Amino acid sequence: MTVPAPHCTPTTETLFDFVFAQVWQRPGLSRRDRWFIALPCLAAADTEEPLRAHVYAALVGGDLTIDEMRETVLHFAVYSGWPKASLFNMIVDAQWQRIHAERGEPVPPPTPLLPLTTPSDPEARLRVGEQAFRDVNCLPYAPGRDDPYSGAGILNFVFGEMWLRPGLGMKERRLVTVACVAFQDAPYPILSHVYAALKSRDVTFGEMDELVLHFGAYYGWAKASRLAQVVEEQKQRVTQEWAAEGVA
């Protein structure tokens, strides 16, 4: 990431000597994976300049495609709110235009939204959402359809479409989600999404530890300490379940 040389302070020394020289270089997660933790943290913190710099770096360096970046914005919107995501989305568009202006190239047309890969029939869509909820959360049940939050929101859109969209893989969506629920101190979602990420094996125990470290560097050690506690509890839970199931 190209940044101007700042006045040397304890904060800038830590930023370069620890966050970039150490955390980003650690082998437990790829650099590409780390963007899916850093970007949601910056977007949630309403830090325009750092978010702008990170979006630019992720795109210009080729770690994320523009389609992956836009899917990250959508996933962030669902788990952290549309108002914060609106700024994130505007910054993504501006940096994508900047990159092409610097290259002297026109901005390519966006990938067509339609056709969606999920069912259009309302009943079929809810059934797909129920199954996706069970699969993503590693649970044997799904919420009821009898209120707008769980029926129209959770089943119809969040799991009936968003988690099934092809723009991001399951691992990337889990990294974004865990970061989002962690900085919001959402007690049950932190537990359930850490559990599901580990139980599904989409995120390994070692990768989850690195997620906590990267999250702490970007959103603070106080919130990371709570996430670390949940991670250790869910590691034990998952290990016990695997042993009971005879899974190595």
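This one's a predicted model, so the numbers in the text were calculated from it and none came from an experiment.
- Between Phe183 and Phe76, the angle of the ring planes lies from 30° to 60°, which puts this pair in the tilted group.
- The main-chain N or O of Val136 is found under 3.5 Å from a side-chain atom of Arg174 such that the two form a donor-acceptor pair.
- A 6.0 Å sphere centred on CZ of Arg31 holds no more than 12 heavy atoms belonging to other residues, nucleotides or ligands.
- Shown here for Val73 and Ala85, the closest heavy-atom pair between the two residues is CG1-O, 3.9 Å.
- The closest donor-acceptor contact from the side chain of Ser80 to the backbone of Ala77 lies at 3.5 Å or more, if one exists at all.
- Side-chain contact between Gln95 and Met69 is absent, with no heavy atoms from C-beta onward closer than 4.5 Å.
- The nearest pair of heavy atoms linking Met170 to Asp202 is CG-OD2, 3.0 Å.
- Ring pair Trp82/Phe157 is tilted by interplanar angle, where 30° to 60° counts as tilted.
- Taking CD of Glu241 as the start and CD of Glu245 as the end, the distance is 6.0 Å to the nearest 0.5 Å.
- A donor-acceptor pair is defined here as one N or O able to donate and one able to accept, closer than 3.5 Å; no such pair exists between the side chain of Arg134 and the backbone of Tyr141.
- Arg125 and Thr118 form a side-chain donor-acceptor contact under 3.5 Å, judged by distance and modelled atom types alone.
- Judged purely by atom type and a 3.5 angstrom limit, Glu68 uses its side chain to pair as donor or acceptor with the backbone of Thr65.
- Asp209 places none of its side-chain heavy atoms less than 4.5 Å from the side chain of Thr204.
- Counting all heavy atoms, side chain and backbone alike, Phe133 lies closest to Ala142 at CD2-CA, 3.7 Å.
- Side-chain contact of Ser30 with Asp33: a donor-acceptor pair under 3.5 Å is present, judged by distance alone.
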From CA spacing to verdict: side chain to side chain contact (heavy atoms under 4.5 Å, CB included), Glu123, Arg145: CA-CA 11 Å; Glu123 176 61 30; Arg145 306 175 175 185; 2.9 Å; yes
Pair Val23-Tyr218, side chain to side chain contact (heavy atoms under 4.5 Å, CB included): steps then yes or no: CA-CA 10 Å; Val23 174; Tyr218 274 85; 5.9 Å; no
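- Residues Leu29 and Ile37 are in side-chain contact: their nearest non-hydrogen atoms beyond the backbone lie under 4.5 Å apart.
- Residues Pro166 and Thr117 approach most closely at CD-OG1, 4.1 Å, considering heavy atoms.
- Distance alone, capped at 3.5 Å, is enough to place a donor-acceptor pair between the Gln25 side chain and the Phe20 backbone.
- Between Trp96 and His100, the ring planes are perpendicular. Angles over 60° get that label, and only those under 30° would be called parallel.
- Of the possible polar contacts, none joining the Gln234 side chain to the Val231 backbone as a donor-acceptor pair under 3.5 Å is found.
- Summarising the geometry of Gly144 relative to Leu155, their closest heavy-atom pair is O-CD1, 3.9 Å, with the distance given to 0.1 Å.
- For the pair Asn137 (side chain) and Leu139 (backbone), a donor-acceptor distance under 3.5 Å is absent.
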Side chain to side chain contact (heavy atoms under 4.5 Å, CB included) between Leu64 and Leu39, worked out: CA-CA 11 Å; Leu64 273 67; Leu39 289 167; 4.1 Å; yes
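- Salt bridge annotation for Glu49-Arg52: present, with a cationic side-chain nitrogen under 4.0 angstrom from a carboxylate oxygen.
- For the pairing with Ile99, the side-chain contact (heavy atoms from CB on, under 4.5 Å) check across Leu59, Ile66, Val107 returns one residue only, Leu59.
- Annotation: side chain of Val194 is in contact with side chain of Leu227 (closest heavy-atom distance under 4.5 Å).
- A heavy-atom distance below 4.5 Å is not found between the side chains of Asn89 and Leu74.
- Phe159 and Leu164 fall into different hydrophobic clusters, where Ile, Leu, Val, Met, Phe, Trp and Tyr are joined by side-chain heavy atoms under 4.5 Å apart, directly or via other members.
- Here NE2 of His75 is found 11.0 Å from CZ of Phe36. Values are rounded to the nearest 0.5 Å.
- Val128 and Trp163 fall into different hydrophobic clusters, where Ile, Leu, Val, Met, Phe, Trp and Tyr are joined by side-chain heavy atoms under 4.5 Å apart, directly or via other members.
- With hydrogens and angles ignored, the 3.5 Å screen pairs no side-chain donor or acceptor of Thr47 with any backbone N or O of Pro50.
- Between the CZ atom of Arg70 and the CG atom of Leu113 there is a distance of 12.0 Å, given to the nearest 0.5 Å.
- Cluster annotation: Val178 and Tyr195 are assigned to the same hydrophobic cluster (Ile/Leu/Val/Met/Phe/Trp/Tyr, side-chain heavy-atom contacts under 4.5 Å, transitive).
- Side-chain contact annotation: Gln131 with Asp135, donor-acceptor N/O pair under 3.5 Å present.
- Here the shortest heavy-atom pairing between Ala224 and Val212 reads O-CG1, 3.7 Å.
- Cation-pi contact between Arg237 and Trp242: absent, since separation from the ring centre below 6.0 Å together with deviation from the ring axis within 45° is not met.
- Within the structure, the salt bridge (charged side-chain N to carboxylate O under 4.0 Å, His left out) test picks out the following pairs touching residues 100-113 (sequence neighbours left out): Arg98-Glu102.
- Within the 4.5 Å cutoff, the side chain of Phe88 has heavy atoms near those of the Leu51 side chain.
- Between His54 and Trp24, the ring-plane angle classifies as tilted under the 30° and 60° cut-offs.
- No donor-acceptor pair under 3.5 Å is formed between the side chain of Glu71 and the backbone N or O of Asp67.
- Taking CZ of Arg165 as the start and CG of Leu116 as the end, the distance is 7.0 Å to the nearest 0.5 Å.
- No donor-acceptor distance shorter than 3.5 angstrom exists from the side chain of Glu210 to the backbone of Glu207, with no hydrogens or angles considered.
- Atom CE in Met162 sits 6.0 Å away from atom OG1 in Thr177 (nearest 0.5 Å).
- Rounding to the nearest 0.5 Å gives a distance of 8.0 Å between NE2 of His214 and SG of Cys41.
- Residues Phe205 and Glu232 form no side-chain contact, since every pair of their non-hydrogen atoms from C-beta on lies 4.5 Å or further apart.
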